[in-house]
**Q** 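Following this message is one structure expressed as structure tokens.
Just so you know, ligand 1 is whichever comes first in the structure, and atom 1 is the first atom listed for that ligand. Both backbone and side-chain heavy atoms feed into the values below; hydrogens, waters and symmetry mates do not.
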Amino acid sequence: MAERTTVAVIGAGPAGLLIGAVLAAHAVPFVIVEHRSREHVLSRIRAGVLEQASVDVLERYGLAERLHAEGLVHGGIHLQVEGERTHVDFRALVGRTVTVYGQQQVVLDLMRHHDALGSAVHYSAEDVRPEGIDGDAPVVRFRVDGVDHELRADFVVGADGYHGVCRTLVPDGVLAPAERGYDAAWLGILADVAPSTDELIYALHPEGFAMHSMRSPTVSRLYLQVDPGEDLAQWEDDRIWAALQERLGSPGWTLTPGPITEKSITPMRSSVAATLVYGRLFLAGDAGHIVPPTGAKGLNAAIADVALLGEALAAQARGDDGPLAAYSTTALARQWKIQSFSQYMTELLHVPGPDVARDERAFDYASRVGRLRYVTGSRYAQQSLAEQYTGLAIA
Ligand code: RFL
Ligand code: PHB
């Protein structure tokens, strides 16, 4: 089946679906191609915190109605060091807030938006192959329900995540990602229990980092630092709750456990492509860069990329190619600030991993406790943290 459009979007995660919404708002034709089923895309439990800038973007494209009704507005976070808890008050420090609203909810809102618009979104597409991106007539081939599709487009947006196909189309020497790993992973759980806290708690404890987040007034999301390569089978529910209780413990406070409905281990990695553009291909979101989750930035960075790229593609359709030419440079300059903050938050809150020599481990841990106590005791340090956590301007 032969089709023709202006922008072929690969991936229907938050980046792909949102760029579709931006293009639709400007009446730029697009088609989205996703290799998983709609149900699978909706079942992935991931991010939970939206920066104010991200909420503003969703509002701008008419996507924030349910977010405003059901999202939990948080005016700060709790930072904890060895049981001492300090509230970092974003409203007082920088006059901004964040909204706790699951990535799945953002994706569901976007899917409903596209349903209402009647957008072309192909789920369960097999063998997705963008071709000719280094020429001026790219084509995306894929198969749905046994039918071969040939989608011709002026531009291809790679919104297919870190493990997607689009990154692999850019020659190694051009993509040239700057990368680093961390000697820690996160064991995350979702539990059917009311959160034991009003706002997120990020805690440093000699046994490792722990965090208490949430999805709604009845669903909690919690994380524990574990070693990379840790076996999830070794973590019975009781062991998880005991570790969370120990690491998040603070005088006069208790953690209420409940039925765990999901658990998984996620490794931590940072990676930034040297460019987000190759010929007619533009990378956005995790396809271009990933961060460790400690700063709550991955989804927000994807939204920021898409706000820039969607508007740039719309300007290009009106005959102004300036914003599209500037996209990669503008997005990467912002991305490196996000990388720096995510690395800072990760190093601030995690204990050194198993590979660090014992004497250095003791030093590194004590120095992290010192750094965190500096932050909890300094309005200047908190103001900088609050400014970055609630989100830098998009452009
Ligand atoms: P996604 O969400 O990975 O979507 C990519 C889509 O592309 C599809 N795809 C393909 N489609 C067609 N052909 C192919 N060959 C394809 N290959 C892949 C995939 O099926 C998928 O549907 O990338 P996107 O849209 O760039 O969105 C990025 C975010 O998902 C990610 O950055 C965040 O989830 C990161 N993240 C967090 N970000 C935040 O801003 N705040 C947080 O609190 C936060 N917490 C987290 C997180 C990520 C986590 N994990 C599991 C990695 C917590 C965790 C535990
Ligand atoms: C989450 O709720 O999943 C979450 C919140 C904050 C983070 C990371 C993940 O920094």
**Q** Would you tell me which option among Leu299, Val33, Ile265, Val306 has the nearest heavy-atom contact to atom 40 (O) of ligand 1?
**A** Leu299
**Q** I need the contact type for Ser213 against ligand 2. Using non-hydrogen atoms and a strict under-4.0 Å cut-off, is it side chain, backbone, both or neither?
**A** side chain
**Q** Look at the aromatic rings of Tyr389 and Tyr202 and report parallel, tilted or perpendicular, splitting at 30° and 60°.
**A** perpendicular
**Q** Quick one: nearest non-hydrogen protein atom to atom 4 (O) of ligand 1, plus distance?
**A** Gly13 CA, 3.6 Å
**Q** Quick one: which of Gly48, Gly288, Pro293, Pro14 has a heavy atom closest to atom 43 (O) of ligand 1?
**A** Gly48
**Q** From atom 46 (C) of ligand 1, work out which of Ala47, Ala159, Gly11, Gly164 has a heavy atom at the shortest distance.
**A** Ala47
**Q** Atom NE2 of His35 and atom CZ of Arg143: how far apart are they, to the nearest 0.5 Å?
**A** 14.0 Å
**Q** Which atoms of ligand 2 have any heavy atom of Ala296 under 4.0 Å away?
**A** 6 (C), 7 (C), 10 (O)
**Q** Looking only at distances, can you tell me whether any N or O atom of Tyr202, backbone or side chain, sits closer than 3.5 Å to an N or O atom of ligand 2?
**A** yes
**Q** Where on Val291 is there a heavy atom closer than 4.0 Å to ligand 1, on the side chain, on the backbone, on both, or on neither?
**A** neither
**Q** To which of Arg46, His35, Glu34 does the heavy atom nearest atom 3 (O) of ligand 1 belong?
**A** Arg46
**Q** Run down the list Asp127, Ile19, Asp286 and name the one with the heavy atom closest to atom 31 (C) of ligand 1.
**A** Asp286
**Q** For ligand 1, is Tyr223 a contact, meaning one of its heavy atoms is under 4.0 Å away?
**A** yes
**Q** Measure the distances from the heavy atoms of Trp186 to every atom of ligand 2 and state whether one is below 4.0 angstrom.
**A** yes
**Q** Arg44 near ligand 1, heavy-atom distance under 4.0 Å?
**A** yes
**Q** May I ask you to check if ligand 2 and Gly295 share an N or O to N or O distance below 3.5 Å?
**A** no
**Q** For atom 3 (O) of ligand 2, find the nearest protein heavy atom and state the residue, atom name and distance (0.1 Å precision).
**A** Tyr223 OH, 2.6 Å
**Q** Under a 4.0 angstrom heavy-atom cut-off, which atoms of ligand 2 come close to Val49?
**A** 5 (C), 6 (C)
**Q** If I take atom CD from residue Glu311 and atom NE2 from residue His26, how far apart are they, to the nearest 0.5 angstrom?
**A** 3.5 Å
**Q** Kindly indicate whether a cation-pi arrangement holds for Arg361 with Tyr365, taking the cut-offs as under 6.0 Å to the six-membered ring centre and within 45° of the axis.
**A** no
**Q** OG/Ser37 to CG/Leu42 distance, rounded to the nearest 0.5 angstrom?
**A** 8.5 Å
**Q** So, does Arg215 sit close enough to ligand 2 that a heavy atom of it is under 4.0 Å from the ligand?
**A** yes
**Q** Taking only heavy atoms of Leu200, which atoms of ligand 2 are found under 4.0 Å from at least one of them?
**A** 5 (C), 6 (C)
**Q** Out of Met211, Gln103, Lys297, Arg38, whose heavy atom is nearest to atom 29 (C) of ligand 1?
**A** Gln103
**Q** Can you check whether Ala296 has an N/O within less than 3.5 Å of an N/O in ligand 1?
**A** yes
**Q** With a 4.0 Å cut-off on heavy atoms, is Met211 in contact with ligand 2?
**A** yes
